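Shown next, in structure tokens, is the structure this report addresses.
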Amino acid sequence: MADLAKASTLPVIVLGDMNDVAWSYTTELFLKMSGLIDPRRGRGFYNTFHAHYPFMRFPLDHAFISTHFKLGSMKRLNNCGSDHFPIYLSIQYEEQATQQQDPMQPDADDIEVAAEKKEAV
């Protein structure tokens, strides 16, 4: 998915339950290799799982966006019966957004690890 996002000339949104926390090495590697940004960074954790246990909550649901978009607002919504909380994300396409946002960049080690992970699949 990171390769497809990086190669795309169109705006990209990748979202869903990734079963991985926002601060993990693999999430950071994905961000570096894809060129996408995590709109939560600098704005909070937005813990989405587990909706039924207040003492054990983690940000497992993600929304990664290309630099074509700017964040309008983001918030965790009330429980709707799932074991995950829903997330509300308001983004807007802006032609100048790519010039105002810097995605993370991979270093040589990141590129090597990503290549190894692709070979293992």
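All heavy atoms count here, side chains included; hydrogens, waters and symmetry mates do not. Since we're looking at a predicted model, the values are computed, not measured.
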Looking at side-chain heavy atoms only, is the closest gap between [X] and [Y] below 4.5 Å?
X	Y	answer
Met18	Thr27	no
Pro39	Leu89	yes
Val113	Tyr25	yes
Leu10	His68	no

[atom2] on [Y] to [atom1] on [X], rounded to 0.5 Å:
X	Y	atom1	atom2	answer
Asp38	Arg43	CG	CZ	9.5 Å
Phe49	Arg57	CZ	CZ	10.5 Å
Leu36	Ile65	CG	CD1	8.5 Å
Leu29	Ser34	CG	OG	9.0 Å
Phe58	Tyr53	CZ	OH	13.0 Å
His52	Ser82	NE2	OG	6.5 Å

_Taking CG in Asn78 as the centre, count heavy atoms belonging to other residues, nucleotides or ligands within less than 6.0 Å. Is the count above 12?_
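Open: at most 12 neighbouring heavy atoms sit under 6.0 Å from CG of Asn78.
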
Please check this pair: side chain of [X] against backbone of [Y], looking for a donor-acceptor N/O pair closer than 3.5 Å.
X	Y	value
Arg76	Thr48	no
Ser24	Val21	yes
Arg41	Ile37	no

Closest heavy-atom contact between [X] and [Y]?
X	Y	value
Asn79	Ala51	ND2-CB, 3.5 Å
Asp110	Met33	O-SD, 4.1 Å
Ser66	Pro11	OG-CA, 3.5 Å

Can [Y] be reached from [X] by stepping across I, L, V, M, F, W or Y side chains whose heavy atoms are under 4.5 Å apart?
X	Y	result
Phe69	Met74	yes
Met104	Val12	yes
Ile87	Ile13	yes
Leu71	Leu15	yes

*Assess Arg40 against Tyr46: is NZ or CZ under 6.0 Å from the centre of the six-membered ring, and within 45 degrees of the ring's axis?*
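Output no; distance or angle outside limits.
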
*asked:* Applying side-chain hydrogen bond (donor to acceptor under 3.5 Å, both in side chains), can you list everything that pairs with Asp17, at least two apart in sequence or on another chain?
replied: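 Checked Asp17 against side-chain hydrogen bond (donor to acceptor under 3.5 Å, both in side chains); matches are His84.
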
_Going by salt bridge (Lys or Arg N to Asp or Glu O under 4.0 Å), name the residues that satisfy it together with Glu112, two or more places apart in sequence or in a different chain._
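For Glu112 there are no salt bridge (Lys or Arg N to Asp or Glu O under 4.0 Å) partners, ignoring immediate neighbours.
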
*Under the side chain to side chain contact (heavy atoms under 4.5 Å, CB included) rule, what do Leu77 and Phe85 come out as? Steps first, then yes or no, please.*
CA-CA 6 Å; Leu77 302 176; Phe85 286 101; over 6 Å; no

*For the residue pair Phe64 and His62, does the interplanar ring angle fall in the parallel (under 30°), tilted (30 to 60°) or perpendicular (over 60°) class?*
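Correct class here is parallel.
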
